[in-house]
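Here's the structure we're looking at; comments come further down.
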Number of protein chains: 2
Amino acid sequence: MDTVDGAPARRATRADVARYAGVSPAVVSYTVNAGPRAVAPATRERVLEAIRVLGYRPNAAARALKIGHTKMFGVVVPDSGNPFFVELGRVLEHTATAHGYALIVVNFDGPGHDVASSIRELALRQVDGMIVAAQVSMPTLNAISECGIRTVLINQFSAVDGVPSVGPDLYEGARTGVNHLIWHGHTNIGYVGEMGPPDVRERGWRDALTAAGLTAGPAAAAAFSREGGYAAGQKLVADDNRPTAIFVSSDFQAVGVLRALHEAGIAIPDEIAVVSFDGSPEAEYTWPALTTVQQPVAEMAEEAVERLVAPTASDDFSRYPTKLIVRQSCGCGMPA
Amino acid sequence: MDTVDGAPARRATRADVARYAGVSPAVVSYTVNAGPRAVAPATRERVLEAIRVLGYRPNAAARALKIGHTKMFGVVVPDSGNPFFVELGRVLEHTATAHGYALIVVNFDGPGHDVASSIRELALRQVDGMIVAAQVSMPTLNAISECGIRTVLINQFSAVDGVPSVGPDLYEGARTGVNHLIWHGHTNIGYVGEMGPPDVRERGWRDALTAAGLTAGPAAAAAFSREGGYAAGQKLVADDNRPTAIFVSSDFQAVGVLRALHEAGIAIPDEIAVVSFDGSPEAEYTWPALTTVQQPVAEMAEEAVERLVAPTASDDFSRYPTKLIVRQSCGCGMPA
DNA sequence: TTGAAAGCGGTACCAC
DNA sequence: GTGGTACCGCTTTCAA
């Protein structure tokens with residue numbers, strides 16, 4: 001018993017094509033790459049025919065070795081289950097594909113998988129550039145500079161020395177969201193954010209409140225997940241000083257907050273209003289639909305790959321403005 | 001003005017390491033790959049030191065060219081925005097990483113991007129294997145056999161000639177879901193499914209009904225998206241013969257159905273109960289939480305990768321049983 | 001235990 | 001317009 005297609009079936013190479021078409025390997029190259037030398041139409045046809053017959057496809061590894069680049073970008077994301085990163089991945093893929101690049105995306109939510117090792121892994125695979133969607137720490141920065149591969153930070157929240165980055169204006173975004181809640185007349189506005197070092201969004205929340213002469217409502221930090229948001233929501237509901245509105249720093253967590261409120265029998269937005277951050281597609285289909293501060297993911301992704309494709313000397317930080325998407329969870333009712 | 005790091009900085013190669021360590025290139029190879037020849041401890045140390053100093057990392061393209069494989073798998077998915085495929089991608093990545101493979105995932109929801117061309121694109125990049133998560137058609141099958149790359153079909157619903165595949169038992173799954181609704185006492189059970197050729201789940205829905213002596217409720221086909229589900233939900237709500245329960249063929253669409261019901265002011269599950277299919281993480285956080293027929297994504301992904309890593313001769317179809325996850329949308333109330 | 005050298009499959013220069 | 005050929009960086013056999 002043998003394999004189904006009995007043929008030993010070595011894949012056809014440039015040399016096979018050349019032999020079949022009766023030309024030199026060089027000419028095959030010229031035809032395939034439409035250059036750098038011109039090829040006579042008749043010869044060209046013969047080569048094309050040979051390629052068709054032999055089912056020839058150029059070996060990407062050989063080409064990469066010779067010309068020194070792979071036409072692949074690496075993408076590092078924290079958690080590919082987060083709808084925001086899902087959306088980011090989508091637009092990144094579309095843009096990269098449009099430029100002829102494929103994406104290797106690695107996420108480091110697995111065990112023993114941190115950002116730095118993900119970066120090194122990608123470097124080994126000779127990607128032409130990397131897009132890192134994570135808060136960078138020192139080891140990460142070291143990994144980036146060591147590997148010597150052009151990298152752009154996305155979803156980064158402030159300038160980082162020596163590495164170009166693009167990210168949303170978190171501070172203004174948070175203020176916009178909170179201000180909308182204030183506009184609705186709320187005076188006790190809570191906050192749900194990630195664990196870890198204090199976030200710019202939290203500052204935005206606090207500053208918006210202060211500017212309006214309000215004091216900060218209760219805040220809860222939780223894991224960056226639906227579950228985390230759920231736990232945080234429960235905490236806020238049980239708070240002695242239960243807020244009448246909550247600003248959540250991500251859609252991902254907001255979904256969990258919504259669930260906590262529903263389970264507690266709290267009417268949204270009448271008893272507690274919610275505004276979140278990100279503007280991912282999932283936010284449109286929660287109940288009630290989330291009013292959310294939207295990041296311009298597509299634009300940011302585009303700039304990120306553009307910066308990889310056509311590197312400029314500048315390594316500055318592009319800060320993108322956010323946009324408030326008004327739906328129902330804030331109390332604005334159905335759109336007209 | 002020059003680049004920040006003035007060095008021309010050619011990346012160190014095996015030859016540089018050899019020179020620095022005062023050994024031959026071969027020895028560098030032996031050290032790096034721990035074989036196939038042994039290296040004297042002292043020499044080994046010298047080489048390691050040189051590698052460290054020079055920041056040497058082997059060139060993956062050259063290695064791939066030489067040994068003939070890339071340690072990369074290609075993954076083809078229809079829509080990376082669908083939470084089911086998100087989850088699939090996650091587990092696929094974890095399993096593949098565990099086996100030392102990286103993933104290039106392409107999705108063909110973009111313009112001019114069909115399955116066949118995605119497959120060819122991956123073939124060009126010399127992936128060692130492919131996982132295709134799509135209903136395959138003739139052109140797809142042709143693309144697969146032409147490119148001569150080991151492929152396993154995942155999320156496939158029946159055996160396909162000559163290509164190994166793994167998928168859930170859609171028919172039994174659908175019956176399970178519908179039977180649960182029947183158990184709840186419903187007699188008018190509607191269906192929401194994808195556009196296109198009639199689906200096995202639809203048959204499961206119909207057969208379960210028939211077996212219980214019931215007639216099929218209204219059915220609506222819609223785009224495979226949240227929006228599609230929303231539209232289908234609206235249609236069913238407006239139906240002259242409005243069902244008291246709906247079986248939705250995917251969580252993705254069910255989210256939209258839920259929204260349509262909420263907007264129509266219909267109580268879920270009291271006025272209309274809902275059971276869906278897939279069991280993606282998102283389904284746990286809808287309101288009310290979706291009772292759903294869960295696919296064993298992790299197991300299926302694992303088998304798919306395993307079949308690529310250690311190809312067996314068999315090209316059969318592994319059908320996985322599904323599991324009913326009871327939550328609230330069916331009428332079962334809060335868990336104890 | 002180490003080294004020399006033959007490729008892997010392309011690219012593109014240089015000569016014709 | 002075409003062909004010969006020297007590399008790209010690595011793996012591995014074979015000889016020392």
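FYI, side chains are in, hydrogens and waters are out, and symmetry mates aren't considered; it's all heavy atoms of this structure. Letters A, B, ... mirror the listed sequences (proteins, then strands); counts begin at 1.
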Sequence neighbours left out, cut at 3.5 Å: what donor-acceptor pairs do the side chains of residues 47-56 of chain A make with other protein atoms?
unit_1 : atom_1 : unit_2 : atom_2 : d
A/E49  : OE1    : A/R52  : NH1    : 2.8

With sequence neighbours left out, the residues meeting side chain to side chain contact (heavy atoms under 4.5 Å, CB included) with A/H99 are A/T95, A/Y101, A/V305, A/E306, A/V309

Contact span of DNA chain D against chain A, any nucleotide atom under 4.0 Å from a heavy atom, 5' to 3', runs D/dG1 to D/dG9

Side chain to side chain contact (heavy atoms under 4.5 Å, CB included) filter on B/A15, not counting sequence neighbours, yields B/T13, B/R19

Taken in chain and number order and not counting sequence neighbours, the residues that satisfy side chain to side chain contact (heavy atoms under 4.5 Å, CB included) with A/S145 are none

Ordered by number, residues from residues 43-66 of chain B within less than 4.0 Å of DNA chain C (heavy atoms) are B/T43, B/L65, B/K66

If you look at every strand shown and take non-hydrogen atoms under 4.0 Å, does B/A38 touch a base, only sugar-phosphate, or nothing?
base

Enumerate donor-acceptor pairs with a distance under 3.5 Å from any side-chain N or O in residues 297-304 of chain B to protein atoms, sequence neighbours excluded.
unit_1 : atom_1 : unit_2 : atom_2 : d
B/E303 : OE1    : B/S318 : OG     : 3.3
B/E303 : OE1    : B/Y320 : OH     : 2.5
B/E303 : OE2    : B/R307 : NE     : 2.9
B/E303 : OE2    : B/R307 : NH2    : 3.3
B/E303 : OE2    : B/S318 : OG     : 2.6

For this session: Kindly indicate whether the side chain of B/R150, heavy atoms from C-beta on, has any atom under 4.5 Å from the side chain of B/L308.
Result: yes

Per the under-4.0 Å heavy-atom filter, residues of residues 13-30 of chain B near DNA chain D come out as B/T13, B/R14, B/A26, B/S29, B/Y30

By salt bridge (charged side-chain N to carboxylate O under 4.0 Å, His left out), A/R125 pairs with (sequence neighbours left out) A/E121

To the nearest 10 degrees, the angle between the two end axes of the helix from C/dT1-D/dA16 to C/dC16-D/dG1 (five pairs per end) comes to 40°

Hits for side chain to side chain contact (heavy atoms under 4.5 Å, CB included) against A/R120, two or more places apart or cross-chain, chain-then-number order -> A/A116, A/A143, A/E146

So the contacted stretch of DNA chain C, first to last nucleotide with an atom under 4.0 Å from a non-hydrogen atom of chain B, runs from C/dT1 to C/dG9

